[in-house]
Amino acid sequence: MKITFYGHACLGIQINDIHVLVDPFITGNEKASHIDIDTIQADYILITHAHQDHILDVEAIAKRTDAIIVSNYEIVTHYQNLGFNGHPMNHGGSWEFEFGKLKYVNAIHTSSFPDGSYGGQPGGFVIKTYGEKSKSKSIYIAGDTALTYDMKLVGRQFDLDIAVLPIGGNFTMDVDDAITASKFLDVHRVLGYHYDTFGYIEIDKVRAKAKFDSKLRTLKLLDIGASMEI
Ligand code: NI
Ligand code: MN
């Protein structure tokens, strides 16, 4: 599994030869101006919730790639009504996609579209790829969320290789709550996201990493456009 960070809360996840894109918000992110959305591959677009900083580039990328949009029922219905391909889910539900088994899990946040219309309830995703025990990988993508005890359930149900957690605070968890989340999730490797894009969520990255280190956990922060393998 190769994970590419496209800035803010946008990830490209490549599993074998399948490209899963999460929460595309690139053209509205000054810090991601070196990323050309026309070069991003997507077979699937996962959307955690309907806020603009998670959906801005969905239509442009889905139009070009014919990607299948996966999210909650309300968000997927919105895009299906515009003519896009979609697969609706809801909290607690799982589906076996070609890239792995995907579960849509709780997040504590809100989810309106930019025009104020209803975007269902916000969520996060767990992907468990197929294969023998040692080859199967599990990733939790929290979406925008507060710290919640529900993360203990995710940790109990999945042997996570990595958790992608918001760390910017103000709208979501901050670094300290993300450390607690990593304990609830029983995961030692965290990829931080949803930080530094705009003023409310700027963080001290050196200090954030040191805080994780002091709890014997690793906070990975990728430059925009950079990738990691798990
Ligand atoms: Ni949000
Ligand atoms: Mn957000």
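Small disclaimer: the values here were computed from a predicted structure and weren't measured. In listed order, ligands and their atoms are each counted from 1.
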Open item on the list: Regarding D38 and R64, does a basic nitrogen lie under 4.0 Å from an acidic carboxylate oxygen?
Closed with: yes
Task: For Q121 against Y104, the heavy-atom pair lying closest together - done: O-OH, 3.2 Å
TODO: Take the Mn ion (ligand 2) and tell me which protein N, O or S atoms are nearer than 2.8 Å.
DONE: D53 OD2, H54 NE2, D144 OD2, H194 NE2
TODO: Sort by chain and number the protein N/O/S atoms that are closer than 2.8 Å to the Ni ion (ligand 1), and list them.
DONE: H49 NE2, H51 ND1, H109 NE2, D144 OD2
Task: Check: F184 ring centroid to Y149 ring centroid under 6.0 Å - done: yes
Open item on the list: So that I know where these two stand, are F113 and H78 an aromatic pair - ring centroids less than 6.0 Å apart?
Closed with: yes
- [ ] For the pair K31 and D196, evaluate salt bridge (charged side-chain N to carboxylate O under 4.0 Å, His left out) and give the outcome as yes or no after the intermediate values.
- [x] CA-CA 9 Å; K31 294 193 159 72; D196 275 5; over 6 Å; no
Task: Centroid-centroid under 6.0 Å between Y44 and H19 rings - done: no
TODO: Answer yes if the ring centres of F97 and H87 are under 6.0 angstrom apart, and no otherwise.
DONE: yes
- [ ] Taking only Lys NZ, Arg NE, NH1 and NH2, and the carboxylate oxygens of Asp or Glu, determine whether D161 and R189 approach each other closer than 4.0 Å.
- [x] no
- [ ] Check whether the ring centres of H54 and H109 lie less than 6.0 Å apart, and answer yes or no.
- [x] no
